[in-house]
Amino acid sequence: MAKFFSSGSLQETHMSHWPMVLPWPPHVSTSSCQVGGSETSKEAKALISSQSHSQAEKRRRERINTHLSTLRRLVPSATKLDKATLLGRVIDHVKELKRKALEIGNSFTVPTEMDDVTVECDRNGALKDRFIIRASLCCDDRPELYTDLIQALHGLKLRTVRADMATLGGRVKNVLILSTKVGEEGACLSTLKDSLKEVLGRIVFTDVSSQNTNLSKRQRTMPSFWSN
DNA sequence: GGCACCCACGATAGGATGCA
DNA sequence: TGCATCCTATCGTGGGTGCC
């Protein structure tokens, strides 16, 4: 074991950890201790380096514990769990939340994490001379999205019967119920899908160009939502 | 090469638990 | 009740790695 004090004064909180059998000063043998020599300078540098190392490690542990405390507050009935059990509980909690989100998503119009375009015929909803088409677009919410969407639909011989929109966490899902004349639905379906995909592609392109995915190791910063 | 960070390790303290 | 044992948290340290 090579343990020595990491600060100039005795550590009041950790003093009892110091083994009584070790020599003082630690890591400095009597044979190598030369007053005013380079050995002393080297050892002083080593001591400073070690102090900085132990302080950095302390800060790192504090960061970990801060995040664990945050998790403890976010998960129900986790106030008195040890760290390993807490992490297990967090995993279970996240799985449960995901399952509930999926349930809700199946019941209501809720945007998902995946970009998606669907276009399908609603044969049950067909009127006497008009054909019903159900189209949906799920993507990141952007101010220009609706302009793009209107432009995409413009020119297609479609009539909007209904439009639903749901947003969640910066994501948006638009569900459009459209109608077209019977006999024109075939051409409409493929054109509509292509137009919506083009809108999606435009969004994906602008999104990727604005992201910085190359964060270096030193750029690790606490996201703002963690500090809330 | 220096720095910052991460990970693993051994030492230690202190609480929880079981047992005589 | 006192003691032994186990478990968990914390600490300092050595060493590896990536970045500048």
Side-chain angles (χ1 to χ4, degrees), chain A residues 1-102 112-115 139-140 142 168-171 201 203-228:
Chain A
M1 189 182 81
K3 185 181 288 216
F4 53 86
F5 294 113
S6 62
S7 61
S9 60
L10 291 177
Q11 287 188 316
E12 293 170 359
T13 57
H14 208 59
M15 221 174 118
S16 56
H17 286 199
W18 180 252
M20 301 305 288
V21 292
L22 289 180
W24 179 257
H27 278 190
V28 181
S29 67
T30 48
S31 59
S32 65
C33 187
Q34 300 167 8
V35 176
S38 61
E39 286 295 312
T40 308
S41 170
K42 273 184 189 175
E43 282 155 6
K45 277 184 184 174
L47 183 63
I48 289 167
S49 169
S50 176
Q51 286 172 355
S52 137
H53 186 22
S54 69
Q55 283 166 6
E57 191 60 23
K58 193 173 182 178
R59 285 193 298 273
R60 182 180 156 270
R61 277 195 288 265
E62 280 172 0
R63 258 180 28 241
I64 292 170
N65 286 334
T66 300
H67 294 323
L68 283 171
S69 298
T70 306
L71 286 177
R72 212 177 280 280
R73 286 194 299 275
L74 291 173
V75 176
S77 310
T79 50
K80 290 186 177 179
L81 298 179
D82 64 86
K83 293 177 179 180
T85 314
L86 169 67
L87 289 177
R89 188 71 65 84
V90 169
I91 290 168
D92 291 342
H93 192 59
V94 170
K95 282 181 180 172
E96 177 66 11
L97 290 176
K98 277 195 163 187
R99 190 189 61 75
K100 283 182 179 172
L102 197 64
T112 59
E113 293 175 6
M114 294 288 292
D115 289 344
C139 58
D140 280 341
R142 292 286 184 277
L168 180 68
R171 301 279 296 169
I203 292 161
V204 168
F205 176 76
T206 55
D207 195 35
V208 166
S209 64
S210 66
Q211 280 180 351
N212 180 5
T213 54
N214 228 355
L215 289 177
S216 81
K217 199 174 173 181
R218 296 218 176 85
Q219 288 175 292
R220 290 185 193 103
T221 53
M222 192 184 294
S224 58
F225 60 82
W226 280 358
S227 59
N228 293 334

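It should be emphasised that the depicted structure is a prediction, and the values quoted were computed from it without experimental measurement. Computed over heavy atoms, backbone and side chain alike; hydrogens, waters and symmetry mates excluded. Numbers restart at 1 for each chain; the letters A, B, ... are given by sequence-line order, proteins then strands.
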*Asks:* Rounded to whole Å, please give me the gap between CZ in A/Arg61 and P in B/dA8.
*Replies:*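 That distance rounds to 14 Å.
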*Asks:* Mind checking whether A/Thr79 and A/Arg73 have side chains closer than 4.5 Å, heavy atoms only?
*Replies:*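 Answer no - side chains too far apart.
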*Asks:* Can you tell me how far C1' of B/dC6 sits from CZ of A/Arg59, to the nearest Å?
*Replies:*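 Checked: the CZ to C1' distance equals 14 Å.
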*Asks:* Expressed in angstrom and rounded to an integer, what is the separation of A/Arg63 atom CZ from B/dC7 atom C1'?
*Replies:*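 Rounded to the whole Å, the gap is 13 Å.
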*Asks:* Below 3.5 Å between N/O atoms, which protein atoms pair up with nucleotides 5-9 of chain C? Just atom names and distances, please.
*Replies:*
residue, atom, partner, partner atom, Å
C/dA9, OP1, A/Lys83, N, 2.9

*Asks:* If you apply the rule salt bridge (charged side-chain N to carboxylate O under 4.0 Å, His left out), what do you find for A/Asp115 with A/Arg171, and how did you get there?
*Replies:* CA-CA 9 Å; A/Asp115 289 344; A/Arg171 301 279 296 169; 2.9 Å; yes
*Asks:* Rounding to an integer number of Å, can you tell me how far A/Glu57 CD sits from B/dC7 P?
*Replies:*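 After rounding, the reported distance stands at 10 Å.
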*Asks:* Is any side-chain heavy atom of A/Lys83 less than 4.5 Å from a side-chain heavy atom of A/Leu87?
*Replies:*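 Side-chain contact under 4.5 Å: no.
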*Asks:* Between C1' on C/dT10 and CD1 on A/Ile64, what's the gap in Å once rounded to a whole number?
*Replies:*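 After rounding, the gap between these two atoms is 12 Å.
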*Asks:* Shortest non-hydrogen contact from A/Pro76 to A/His93?
*Replies:*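 Closest heavy-atom pair between A/Pro76 and A/His93: CD-CE1, 3.5 Å.
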*Asks:* Which residue, A/Thr85, A/Val75, A/Leu81, forms the side chain to side chain contact (heavy atoms under 4.5 Å, CB included) with A/Val90?
*Replies:*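 The option that passes is A/Val75.
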*Asks:* Heavy-atom distance under 4.5 Å between the side chains of A/Lys95 and A/Ile91, does that happen here?
*Replies:*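 A side-chain contact under 4.5 Å exists here.
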*Asks:* Roughly, in whole Å, what's the span from CZ in A/Arg60 to C1' in C/dT17?
*Replies:*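 From A/Arg60 CZ to C/dT17 C1': 14 Å.
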*Asks:* Taking atom P of C/dT10 as reference, at what distance in whole Å does atom CD of A/Glu62 sit?
*Replies:*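 From A/Glu62 CD to C/dT10 P: 10 Å.
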*Asks:* In whole Å, what is the span from the NE2 atom of A/His53 to the P atom of B/dA4?
*Replies:*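 Those two atoms, NE2 and P, are 12 Å apart.
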